Amino acid sequence: MTAALHLHGVSKSFGRVTAVRDVSLAVEPGEYITILGPSGSGKSSMLRLIAGFDRPDAGRVEVLGRDLAGTAVHQRGVGFVFQSFALFPHLSVFENLAFGLRYRKHAPVPDQAQIGRAVDAALALVGLGGLGPRSIAQISGGQKQRVALARCLVGQPAVVLLDEPLGALDANLRDQMTLELKRIQRQLGSTFLHVTGNEQEALAIGSRVAVLDRGALVQIDRPRRLFEQPATSQVARLLNCFNPLPGQAVAGRLVGPALDVPLPGAAAQLRGAAVCMVRRDRVQVDAGQALHDGHGDPGVARITGAYLASEYAGSRVLALFETGVGAHFEVEYHLSHRRPPEFVQGQRYALHWQAADTLAYAA
Ligand SMILES: Nc1ncnc2c1ncn2[C@@H]1O[C@H](COP(=O)(O)OP(=O)(O)OP(=O)(O)O)[C@@H](O)[C@H]1O
């Protein structure tokens, strides 16, 4: 099957900064790809190269098998939704959508009735049927977001690029639009690339998630696999649900001043500087045997930590411990299936988990 979008070894530098580093990526028609990366990892630069706002220094971009080198922005079959929406404030909602169809350089639509049908269909698709006559000043932020999306979709692009599309919305609207974006994409069956710095958004929306780290594509996987098997410690950090434990790998164990845990499986072969990643919701806390070092059971990893505080976040509680290894160690309790005990501030506890649940990486 011809990929909807195919990047072949695409790179782009600005002076000394390499914003996009040898990225290759094939996206099937109908896929919803989220692109996750920290600030400055090259997410927007990658979208801009696909849209044709910038030219790659090396590599090529293809849409539906067509090499886009030298193809102008408006002839690429690619639509772009800006975080700032970039709507025409003096035009009505209807005219914001109609403008592009009427005046675009490639295949403009002169027929008013045809424009009307296309605009109405796009507004209905994003849930704004009947809002065409309103001025942009008379609609809410969430509605502006939908208008920006409809304006992109009305041109029927083969690939839709969304640059942090939910960034300007408050939390409730963001959740609502997360579902809406997926529904709209499914209904259209078109191909979406959606940039975000938010791991929950990336995992919730993407059929696959592509992770960028310093301009390089370090992993692309289905959300569940990404979550369970992050390819690098950087990917694991980005997912924001692991405790990093830095140390030295020696004879099948990760050791440090306050650390001595078994390395699981093939990771037992690691030597030298390494980091273990421990999922916050996989950790058990025992008050009774706080200082027992756990060497007795090779299947269990254990460190000790002094309880600091808890953070309540609705259906979850995060308990924080000072272990002397790296940053604060966090234990997550999903209240639907376990409750935290009454921790005593300053008291030391044993923090333990199945060694097989540890992820380990060379540092
Ligand atoms: N036009 C430019 N001129 C110079 N440097 C640039 C330009 N565009 C991007 N960069 C640099 O390239 C790197 C990647 O930037 P980019 O905006 O693509 O990252 P990002 O992942 O989208 O970040 P954010 O999430 O903060 O928007 C950064 O170091 C940035 O400063």
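Indexing begins at 1, ligand by ligand and atom by atom, following the structure's order. This one's a predicted model, so the numbers in the text were calculated from it and none came from an experiment.
Not one N or O on the side chain of Arg280 forms a donor-acceptor pair closer than 3.5 Å with the backbone of Ala319. Arg214 places no side-chain N or O within 3.5 Å of a backbone atom of Ala19 that could act as its donor or acceptor partner. Proximity of a side-chain donor or acceptor of Glu228 to a complementary backbone N or O of Arg225 within less than 3.5 Å is not detected.
Close contacts between ligand 1 and Ser39 involve ligand atoms 23 (O), 24 (P), 25 (O), 26 (O) [criterion: under 4.0 Å to a heavy atom]. Atom numbering of ligand 1 starts at 1 in the shown order; those under 4.0 Å from a heavy atom of Pro38 are 21 (O).
Atom-to-atom distance recorded for Thr178:OG1 and Lys182:NZ is 9.5 Å, nearest 0.5 angstrom.
In terms of N/O distances under 3.5 Å, ligand 1 is approached by Gly40. For the pair Phe14 and ligand 1, the shortest N or O to N or O distance does not fall below 3.5 Å.
Side-chain atoms of Thr191 and Glu31 include no donor-acceptor pair closer than 3.5 Å. Looking only at atom types and distance, the side chain of His334 has a donor-acceptor partner in the side chain of Glu332 under 3.5 Å away. Side chains of Ser41 and Asp213: no donor on one and acceptor on the other come within 3.5 Å. A donor atom on one side chain and an acceptor atom on the other are found under 3.5 Å apart for Thr304 and Arg348.
Within the 4.0 Å cut-off (strictly below), a protein heavy atom is located near atom 7 (C) of ligand 1. Counting only heavy atoms, the protein never gets under 4.0 Å from atom 31 (O) of ligand 1.
With hydrogens left out, the protein atom closest to atom 21 (O) of ligand 1 is Lys43 NZ, 2.9 Å, a heavy atom. Scanning all protein heavy atoms for the shortest distance to atom 27 (O) of ligand 1 gives Ser44 OG, 3.9 Å. Protein heavy atom in closest approach to atom 29 (O) of ligand 1: Val17 CG1, 3.5 Å. Closest to atom 12 (O) of ligand 1, if we only count protein heavy atoms, is Ala19 CB, 3.4 Å. The protein heavy-atom contact nearest to atom 15 (O) of ligand 1 is Ser45 OG, 3.8 Å.
Ligand 1 lies less than 4.0 angstrom from a heavy atom belonging to Gly42.
Using a 4.0 Å cut-off between heavy atoms, Glu164 contacts ligand 1 through its side chain alone, with no backbone atom that close.
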Report the C-alpha distance between Gln200 and Asn198 in whole Å, list the side-chain angles of each, state the deciding distance to 0.1 Å, and finish with yes or no for side chain to side chain donor-acceptor pair (under 3.5 Å). CA-CA 6 Å; Gln200 288 177 17; Asn198 181 305; 5.7 Å; no
